[in-house]
Amino acid sequence: MEEYHSGDEMSFSPDDATNVVKECIEGIIGGVDYSQNKVNQWTASIVEHTLTQLVKQAKPYKYIVNCAVMQKSGAGLHTANSCYWDTTTDGSCTVRWENRTMYCVVSVFAVAIAL
Amino acid sequence: TAFVVDEVSGIVKETLEVVIGRSQFEQKRVAQWTSSVVEQSLSQLSKLNKPFKYIVTCIIMQKNGAGLQSASSCFWDNTTD
């Protein structure tokens, strides 16, 4: 993948976003076990913190962040995304994370604002 | 040209009925199902010919007693999106 440094303001970097997401997840559910009482707080915190960090980059984008946390119990989980957008400016990234008791899948979608 | 929630929910529900309907969970077919659901929903949405970009996500989970929680947060224009 080529990187255009002069056009940095106008492109979405999936790698940067992936790092932002990983840090947020680690910070919130890093060393904890699945807890039914706390899981709704966790998902809300993960999406809000991720969004805040992305918005701080001050790029001309709208963002959508999705987070799913699932207890590890042998069940199968499958997810898919499909996007109808401008492939030259818009982008997404998905991070899959797990620990001993749960899975966490976070997707970030960035849609360019037409100026 | 506004985003009509009911219209879009209708399209998605119909797509789910057509693709999965009354089938049982099958590990071999679930990848096809999620792909078909998002692709067919997207193509029906783009046929509405509205000036929107769309993102469709689909999660399929087997009923097995496990807990699943999901959340989403959006930074966009509340008046149009």
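Sequence lines set the chain letters: A, B, ... in the order given, protein chains first and strands last, and positions in each chain run from 1. These values consider heavy atoms only, across backbone and side chains, with no hydrogens, waters or symmetry-generated copies.
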- line: Residue from A:Gly74, A:Ala44, A:Ser92, A:Gly76 scoring the most non-hydrogen pairs under 4.5 Å with chain B is A:Gly76
field: Residue among A:Ile46, A:Leu54, A:Thr79 with most heavy-atom pairs under 4.5 Å to chain B
entry: A:Thr79
query: Checking heavy atoms, do the side chain of B:Gln27, its backbone, both or neither come under 4.5 Å from chain A?
result: neither
Sort [X] into side chain, backbone, both or neither according to what part of it lies under 4.5 angstrom from a heavy atom of chain B.
X: A:Leu51; result: side chain
X: A:Tyr34; result: side chain
X: A:Asp86; result: both
X: A:Val65; result: both

For chain A, which candidate among [options] shows the most heavy-atom pairs at distances under 4.5 Å?
options: B:Leu45, B:Asp81, B:Ile55; answer: B:Ile55
options: B:Ser72, B:Ser73, B:Cys74; answer: B:Ser73
options: B:Ala66, B:Gly67, B:Ser46; answer: B:Gly67

- prompt: Could A:Lys59 and A:Phe12 be counted as a cation-pi pair, given that NZ or CZ must be under 6.0 Å from the ring centre and within 45° of the axis?
  reply: no
message: Run the side-chain contact (heavy atoms from CB on, under 4.5 Å) test on A:Val106 and A:Thr94 for me, step by step, so that the C-alpha distance in whole Å, both residues' side-chain angles and the decisive distance to 0.1 Å come before the verdict.
response: CA-CA 6 Å; A:Val106 177; A:Thr94 300; over 6 Å; no
I'd like a table of donor-acceptor pairs (distance under 3.5 Å, sequence neighbours excluded) in which one partner is a side-chain atom from residues 34-43 of chain B, with atom names and distances.
{"from": "B:Thr34", "atom 1": "OG1", "to": "A:His78", "atom 2": "ND1", "distance (Å)": "3.1"}
{"from": "B:Thr34", "atom 1": "OG1", "to": "B:Val30", "atom 2": "O", "distance (Å)": "3.3"}
{"from": "B:Thr34", "atom 1": "OG1", "to": "B:Ala31", "atom 2": "O", "distance (Å)": "3.0"}
{"from": "B:Ser35", "atom 1": "OG", "to": "B:Ala31", "atom 2": "O", "distance (Å)": "3.0"}
{"from": "B:Ser36", "atom 1": "OG", "to": "B:Gln32", "atom 2": "O", "distance (Å)": "2.9"}
{"from": "B:Ser41", "atom 1": "OG", "to": "B:Val37", "atom 2": "O", "distance (Å)": "2.7"}
{"from": "B:Ser43", "atom 1": "OG", "to": "B:Gln40", "atom 2": "O", "distance (Å)": "3.2"}

query: Residues in side chain to side chain contact (heavy atoms under 4.5 Å, CB included) with B:Thr79, at least two apart?
result: B:Asp77
task: Classify the angle between the aromatic ring planes of B:Trp33 and B:Phe25 as parallel (below 30°), tilted (30 to 60°) or perpendicular (above 60°).
output: perpendicular
- prompt: So, A:Trp97 versus A:Glu26: side-chain donor-acceptor pair below 3.5 Å or not?
  reply: yes
message: Has A:Asn66 got a side-chain atom pairing as donor or acceptor with A:Ser107's backbone, closer than 3.5 angstrom?
response: no
